[in-house]
Asker: 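Got a structure for you, written out below as structure tokens; questions coming shortly.
Quick note: residue numbers are just sequence positions, from 1.
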Amino acid sequence: MTDVTSTVVRLKLSLLRNGLRQSGGRRAAFVASAVVALLFAALQLLGLVLLRGHAHADAVAVLATAVLALGWAFMPLFFPSGDETLDPTRLVLLPLRPVPLVRALLAASLVGIGPLFTLVLLVGCAVSVAHGAAGYGVAVVGVVLALLVCVALARSVAAANVRLLTSRKGRDLAVLSGLVIAVGAQLVNFGARSLGSAGLGELAPVADVVRWLPPAAAIGAVRSASEGAYGQAVLQLALSAAALALLVGAWARTLTRLMTAPDGSTLQAPDAAIRSRSPEGGGPGRLLPSGRTGTVMARSLRYVWRDPKTKAAWVTSLAIGLLVPVFNALQGTGSVYFACFAAGMLGIQMYNQFGQDTSAFWMVATTISSSRDAYVELRGRALALLVITLPYATLVTVLTTAMLGDWPRLPEVLGLSFALLGAMLATGAWTSARFPYSIPQEGHRNVAAGQTGLAWIAIFGGMVSAALLCSPVIALTIALNVSAGGENWTWALLPVGAAYGATVTWAGLRGAAPRTAAYLPEILSAVSKG
């Protein structure tokens, strides 16, 4: 029998290769994202190597490894990721035993940009603390152990959440996880700022604890071996190896359950099913416009409330959009202009509008026969976003202004927020039609295999375009603030920004409508790949 490991690795390589063969744009996006990731990894490697001999190099290396492990554990669940490991639920019908399957999937997980990026950083961490033959010898073992623990941690967490993230009952946990990630990202940001003012010595107490926690213990063993503490180094490597064994064992048990037990996560009791099919009367839906616009708005808002991945993305954006300006204001280093972050985070939700429909987009596509139909469809989706984003951006701006006591700048910041929001709605409509990608409903990934680079290019390209579209309002704001007597006219930025945002949104929707109508088959093919 052909070895399962080599077969699964070749299968993954084939999937990646076939995904890149679909279009030149997809290949270019993949190459661009790979170059950016590896360039960043190379710069980090250089920085870590330059830390050799520094008194606190070991603390940086150990904590960097711990942060990498946390990223591997949680980030792939909620953000587009370069990790395209095969979804184990797709192999349910094959006669595979858990242990060979785990070994095969672990090997397949080591193929990709993400593992290579992690390997480069781990090598940098090990080199920054290694000294002598013993140190470098342990570094080789430590880097391999740390990488395997990171990958096994990611796969075990992902496997445990495959059905949870695709079930109705799991949406509340997904929302909570999004909040945890949002808060954690801000805590890391503020911790980095504190280090910038207090020095790396502040890391030492935390690093003394973390160096005994896998996989950071594997890098901690390098330092121990370099200092001649061989017993301590062996113990730290043993801890990492034990963690790897436990993670692989937990992963194998999860795979067994996934591939043998029925999925009852979405089953309803008969009376609940009857109630879910009963017509809804009244409610907030009465406030929506009549006709197709109101129908599209209701559908989009229902996605936000019911779909676990869409809801998690929204709640994460809402949390980060509030935490960034508020936490900066609490630190006393913030500015009222940070309030524009709320509009920016929520404007991202306009990107890839058709991807959230997945294969069900064909039902929408059958109702679009002209540019007018496409325009009404896009307008309804944009209005659904505005129902949430406009009051939220206003609330965050007012709250930030109140915390900083800078009330004279409230009109101009609101105007900037509205202009930025309009620019992102316009570019989001265009990228939804030009760079659509699939959001798999099954599994833990947020981007279908082969489309990761396309997703990143679409999002960041759209954000850069939105910033350029918003530049006239930004230039006017700067001009009024630096000119003599201009501060007396900054109030006018509120109506100007609102009018500019509305105009740009209208123009963006109008411009994206013809392409949406003309390329419906291509869009449907792209969003149905998951």
Side-chain angles (χ1 to χ4, degrees), residues 186 189 317-318 320-329 331 333-351 382 385-386 388-432 434 456-512:
Q186 289 307 305
N189 178 35
S317 295
L318 290 168
I320 296 177
L322 176 65
L323 292 175
V324 168
V326 169
F327 278 22
N328 278 278
Q331 282 193 324
T333 59
S335 167
V336 288
Y337 295 106
F338 276 116
C340 295
F341 206 82
M345 288 300 301
L346 296 183
I348 294 176
Q349 302 305 318
M350 185 64 185
Y351 294 88
L385 266 70
L386 288 174
I388 302 174
T389 55
L390 271 180
Y392 184 79
T394 303
L395 175 63
V396 171
T397 304
V398 172
L399 178 60
T400 305
T401 304
M403 294 179 66
L404 295 174
D406 198 0
W407 291 106
R409 296 193 183 275
L410 177 61
E412 61 184 273
V413 177
L414 273 177
L416 277 174
S417 294
F418 294 157
L420 176 61
L421 182 58
M424 297 197 75
L425 291 179
T427 56
W430 188 81
T431 56
S432 293
R434 179 64 182 84
W456 283 114
I457 293 298
I459 293 174
F460 284 105
M463 292 171 65
V464 172
S465 301
L468 293 176
L469 277 178
C470 199
S471 58
V473 180
I474 297 175
L476 179 60
T477 303
I478 296 174
L480 290 178
N481 279 278
V482 300
S483 62
E487 64 275 4
N488 297 325
W489 292 95
T490 54
W491 61 267
L493 289 170
L494 176 55
V496 168
Y500 184 83
T503 302
V504 169
T505 300
W506 174 83
L509 297 178
R510 283 290 185 184

Asker: Any chance you could lay out the side chain to side chain contact (heavy atoms under 4.5 Å, CB included) test for Leu322 and Leu399, step after step, and finish with the verdict?
Answerer: CA-CA 9 Å; Leu322 176 65; Leu399 178 60; 3.9 Å; yes

Asker: Find the distance between OH (Tyr337) and OG1 (Thr397) and round it off to the nearest 0.5 Å.
Answerer: 12.0 Å

Asker: So which atom in Gly508 and which in Ala429 form the shortest heavy-atom distance, rounded to 0.1 Å?
Answerer: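 Closest heavy-atom pair between Gly508 and Ala429: O-CB, 4.4 Å.
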
Asker: Could you list all the side chain to side chain donor-acceptor pair (under 3.5 Å) pairs where at least one residue sits in residues 417-431, not counting sequence neighbours?
Answerer: Tyr351-Thr427

Asker: Considering non-hydrogen atoms only, spot the tightest contact between Val336 and Leu404 and give its length.
Answerer: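 Reported closest heavy-atom pair: N-CD1, 3.5 Å.
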
Asker: Test side chain to side chain contact (heavy atoms under 4.5 Å, CB included) on Thr400 and Phe341; report intermediate values, then the result.
Answerer: CA-CA 11 Å; Thr400 305; Phe341 206 82; over 6 Å; no

Asker: Give every donor-acceptor pair under 3.5 Å between a side-chain atom in residues 486-498 and any protein atom, sequence neighbours left out.
Answerer:
from: Thr490; atom 1: OG1; to: Glu487; atom 2: O; distance (Å): 3.1
from: Trp491; atom 1: NE1; to: Asn488; atom 2: O; distance (Å): 3.1

Asker: Sorted by first residue and then second, give each salt bridge (Lys or Arg N to Asp or Glu O under 4.0 Å) pair with at least one member in residues 496-510; sequence neighbours left out.
Answerer: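 Residue pairs with at least one partner in residues 496-510: there are none.
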
Asker: Of all heavy-atom pairs between Leu414 and Thr394, which one has the smallest distance, and what is that distance?
Answerer: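 Looks like CD2-CA, 3.9 Å.
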
Asker: Are Val396 and Tyr392 close enough, and set up right, to give a side chain to side chain contact (heavy atoms under 4.5 Å, CB included), and what steps lead you there?
Answerer: CA-CA 6 Å; Val396 171; Tyr392 184 79; 3.7 Å; yes

Asker: Is there side-chain contact between Phe418 and Val413, with at least one heavy-atom pair below 4.5 Å?
Answerer: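 Side chain of Phe418 against side chain of Val413, heavy atoms only: no contact under 4.5 Å found.
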
Asker: Determine, step by step, whether Ile474 and Leu416 satisfy the side chain to side chain contact (heavy atoms under 4.5 Å, CB included) criterion, reporting the C-alpha distance in whole Å, the side-chain angles of both residues, the deciding distance to 0.1 Å, and the verdict.
Answerer: CA-CA 7 Å; Ile474 297 175; Leu416 277 174; 4.0 Å; yes

Asker: Return the minimal non-hydrogen interatomic distance between Gln349 and Ser317, and the atom names on each side.
Answerer: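 Where Gln349 meets Ser317 most closely, the heavy atoms are NE2-OG, 2.8 Å.
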
Asker: If I compare all heavy atoms of Gly321 with all of Ala342, which pair ends up nearest, and what's the gap?
Answerer: O-CB, 3.7 Å

Asker: Does Met350 offer a backbone N or O that forms a donor-acceptor pair with the side chain of Ser432 under 3.5 Å?
Answerer: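 Such a contact is found between Ser432 side chain and Met350 backbone.
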
Asker: What residues, two or more places apart in sequence or in another chain, satisfy side-chain hydrogen bond (donor to acceptor under 3.5 Å, both in side chains) together with Tyr500?
Answerer: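 By the side-chain hydrogen bond (donor to acceptor under 3.5 Å, both in side chains) rule, Tyr500 matches no residue at all.
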
Asker: Check Ala426 against Val504 and note the closest heavy-atom contact, atom names and distance.
Answerer: CB-O, 3.3 Å

Asker: What residues form a side chain to side chain contact (heavy atoms under 4.5 Å, CB included) with Leu386, not counting sequence neighbours?
Answerer: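 Expected list: Leu383, Thr389, Leu390, Leu421, Leu425.
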
Asker: Under the salt bridge (Lys or Arg N to Asp or Glu O under 4.0 Å) definition, can you give me all pairs with a residue in residues 410-424, not counting sequence neighbours?
Answerer: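 As it turns out, the salt bridge (Lys or Arg N to Asp or Glu O under 4.0 Å) pairs with a partner in residues 410-424, which skip direct neighbours, are Arg409-Glu412.
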
